[in-house]
Amino acid sequence: MRLTQTKAELRAATAVRPRAVVMTMGALHEGHAALLAEARERVGPEGSVVLTIFVNPLQFGPTEDFDRYPRTLASDLAIAKNEGVDLVFNPSRDELYPNEPSITVHPGPLADELEGMVRPGHFTGVLTVVSKMLHLTAPDLALFGEKDYQQLTLIREMVCDLDWNVDIVPVPTVREADGLALSSRNRYLDETERDEALVLYRALTAGAKAGMNGPDAVMAAAQAELEAVPSVKLDYLALRAPDLGPVIGPGEARMLIAARVGQTRLIDNISITLR
C-alpha cells in the first residue's frame, strides 16, 4: 500500500485499471471498511483501490465541528491495508486548495432541502471536493455509503449532468448490532447519549413497518417513537421518493432523519415500501 500526499505523487501512482475510489474524511470504521471491501471485490485482484482521506473545510459551517473532527491517520492506514487498499491520498489543505476556491460546484435546488436547510452551503463544499477527487484519481468506479443518502443522490446527479465517465456505486448502511448507523461522529456520544441515539433507527423501522398503511401512517409511527425520547432534538423527518422528490402513489420511498443527541448531530435513512 502506498501513501501519497501531493497531487503529483497521486498522478504518478494511478495507472492501474480498473480503478475504484472511496472518498472519506478519515476516522474510518466498519462502514468505511465495507466500502473498501466492495471496491476490492469489484475491481478484482488486478485492479486498484484508491482511498482518499481529507477533512474538507468547504463542507463545514462556521459553528460546526471542523476543528474537533477526529483525525486518526495511523488507524485509518491499518484499516486500509487490511482491506487491500493499493493507494491512499491524504493531502493537506494547502495541497488541495492552494488558493481559496473562487469557483465551486453549484449543487442545484435539492441541496437547499433537508440537510441543506440546516447546513447552508454544505453540499457546495461536498460536490466541489468530490469533483476534485474524481478529477485527480480518475476512477472507473466511485463508491459511496447510503447513510449519506442526500449526498449520494446529489453526486449521482452531478456525475450525470456533467458527463463524468465514472460509475457511482451505492453501498448499504452498516449498523451496530442494535441498529445504530455507524458514523465517525458516534465517538462523540457518551453512554447515555448512545442509548438515546437508538431512537433514530427505531423511528425509521417503525415507519417502515407502517408502510402498508400509507405515508401518513409512516410519519405518525416514526414521530411516536421520537416523542418518547424528548431529549433528542429533531432537525427533520421526511418521507421522499427514491430520487428525493415528492412521494407520488405507492411503491418505493425513502425516509430520512436528522437529530441532535446532546451536542452531536446524527443522520440516518431507510428504504420504505408504500402500499
Side-chain angles (χ1 to χ4, degrees), residues 20-29 31-36 38-39 50-61 64-66 69-70 96 101 104-137 139 141-162 164 166-175 181-186 200 204 235-245 253-260 264-271:
V21 66
V22 174
M23 302 179 197
T24 78
M25 295 201 299
L28 301 190
H29 49 65
H32 298 108
L35 289 166
L36 295 170
E38 181 71 16
V50 180
L51 167 68
T52 72
I53 299 174
F54 180 66
V55 184
N56 176 38
L58 294 192
Q59 67 191 71
F60 287 80
E64 293 183 344
D65 59 341
F66 175 76
Y69 194 86
L96 206 60
T104 55
V105 176
H106 186 277
L110 176 58
D112 295 327
E113 304 174 26
L114 302 171
E115 282 297 285
M117 188 172 55
V118 182
R119 306 178 69 187
H122 170 68
F123 288 116
T124 294
V126 170
L127 294 195
T128 298
V129 78
V130 168
S131 67
K132 287 174 73 72
M133 291 298 191
L134 288 175
H135 173 68
L136 291 167
T137 61
L141 311 170
L143 294 89
F144 294 91
E146 289 187 345
K147 186 180 79 70
D148 296 289
Y149 191 82
Q150 188 176 8
Q151 170 182 283
L152 170 64
T153 302
L154 286 165
I155 290 169
R156 281 171 156 165
E157 288 185 1
M158 177 181 73
V159 164
C160 178
D161 289 351
L162 300 183
W164 283 99
V166 58
D167 289 333
I168 302 301
V169 179
V171 176
T173 301
V174 178
R175 300 181 180 278
L182 291 182
S183 168
S184 299
R185 290 184 169 95
N186 287 353
L200 274 70
L204 292 174
D235 275 350
Y236 62 79
L237 176 70
L239 185 64
R240 297 290 184 92
D243 65 356
L244 296 187
R254 182 72 55 162
M255 176 171 265
L256 306 98
I257 189 171
R260 298 178 189 274
T264 304
R265 188 172 184 276
L266 300 176
I267 63 173
D268 202 350
N269 67 88
I270 198 170
S271 177

- Task: Apply side chain to side chain contact (heavy atoms under 4.5 Å, CB included) to Met23 and Phe54, showing your working.
- Result: CA-CA 8 Å; Met23 302 179 197; Phe54 180 66; over 6 Å; no
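- A salt bridge between Arg119 and Asp112 is absent, with no side-chain N of the basic residue lying under 4.0 Å from a carboxylate O of the acidic one.
- Contact of the Met133 side chain with the Leu96 side chain is registered, since non-hydrogen atoms from C-beta on lie closer than 4.5 Å.
- The two residues Phe60 and Phe66 have their closest heavy-atom pair at CD2-N, 3.4 Å.
- Smallest separation of non-hydrogen atoms from Leu143 and Ala20: CD1-CB, 3.9 Å.
- By the 4.5 Å heavy-atom criterion applied to side chains, Thr128 and Gln59 are not counted as neighbours.
- For Thr137 (side chain) and Val21 (main-chain N/O), no donor-acceptor pair under 3.5 Å exists by modelled atom type.
- Side-chain atoms of Glu64 come within 3.5 Å of backbone atoms of Gly61 as a donor-acceptor pair (strictly under, hydrogens ignored).
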- Message: Checking Leu35 against Phe144 for the side chain to side chain contact (heavy atoms under 4.5 Å, CB included) test, could you report, in this order, the C-alpha distance in whole Å, the side-chain angles of both residues, the deciding distance, and whether it holds?
- Response: CA-CA 7 Å; Leu35 289 166; Phe144 294 91; 5.6 Å; no
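- Scanning for side chain to side chain donor-acceptor pair (under 3.5 Å) contacts around Gln151 gives an empty result, with sequence neighbours left out.
- In this structure, the separation between CG on Leu51 and CG on Leu36 is 5.5 Å, given to the nearest 0.5 Å.
- For the pair Leu256/Arg240, a side-chain contact is recorded, criterion being any heavy-atom separation below 4.5 Å from C-beta on.
- Qualifying side chain to side chain donor-acceptor pair (under 3.5 Å) partners for Gln150, counting only residues two or more places apart in sequence or in other chains: none.
- Salt bridge annotation for Arg265-Asp235: present, with a cationic side-chain nitrogen under 4.0 angstrom from a carboxylate oxygen.
- When every heavy atom of Leu152 is checked against every heavy atom of Pro170, the shortest pair comes out as CD2-CB, 3.7 Å.
- To the nearest 0.5 angstrom, Ser183 atom OG is 8.0 Å from His32 atom NE2.
- For the pair Leu266 and Leu200, the minimum side-chain heavy-atom distance is below 4.5 Å.
- Side-chain contact between Val118 and Arg260 is present, with heavy atoms from C-beta onward closer than 4.5 Å.
- Distance check, rounded to the nearest 0.5 Å: OG of Ser184 to CE of Met25 gives 7.0 Å.
- Put simply, the side chain of Asp268 never gets that close to the backbone of Ala258: no donor and acceptor are under 3.5 Å apart.
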- Task: Give the intermediate values and the outcome of salt bridge (charged side-chain N to carboxylate O under 4.0 Å, His left out) for residues Arg185 and Asp65.
- Result: CA-CA 10 Å; Arg185 290 184 169 95; Asp65 59 341; 2.9 Å; yes
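- At distances below 3.5 Å, not a single donor-acceptor pair connects side-chain atoms of Thr124 with backbone N or O atoms of His106.
- Looking only at distances, a side-chain donor or acceptor of Asn269 sits under 3.5 Å from a matching main-chain atom of Glu146.
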- Query: Step by step, would you call Glu113 with Tyr236 a side chain to side chain donor-acceptor pair (under 3.5 Å)?
  - Reply: CA-CA 10 Å; Glu113 304 174 26; Tyr236 62 79; over 6 Å; no
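- With Asn186 contributing its side chain and Ala181 its backbone, the two residues share a donor-acceptor pair below 3.5 Å.
- Within the 4.5 Å cutoff, no side-chain heavy atoms of Thr24 are placed close to those of Thr52.
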- Message: One pair to check against side chain to side chain contact (heavy atoms under 4.5 Å, CB included): Val126 and Leu58. What are the steps and the verdict?
- Response: CA-CA 7 Å; Val126 170; Leu58 294 192; over 6 Å; no
- Item | Intermediate values then yes/no, side chain to side chain contact (heavy atoms under 4.5 Å, CB included), Val166 and Leu141 | CA-CA 5 Å; Val166 58; Leu141 311 170; 5.5 Å; no
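- At a threshold of 4.5 Å between non-hydrogen side-chain atoms, the residues Val130 and Met158 count as touching.
- The line from CG of Leu244 to CZ of Arg254 is 8.5 Å long, rounded to the nearest 0.5 Å.
- Using a 4.5 Å cut-off on side-chain heavy atoms (C-beta onward), Pro139 and Val50 make no contact.
- A distance of 8.5 Å separates CD1 in Ile168 from CZ in Arg156, rounded to the nearest 0.5 Å.
- Tyr149 places a side-chain N or O within 3.5 Å of a backbone atom of Pro242 that can act as its donor or acceptor partner.
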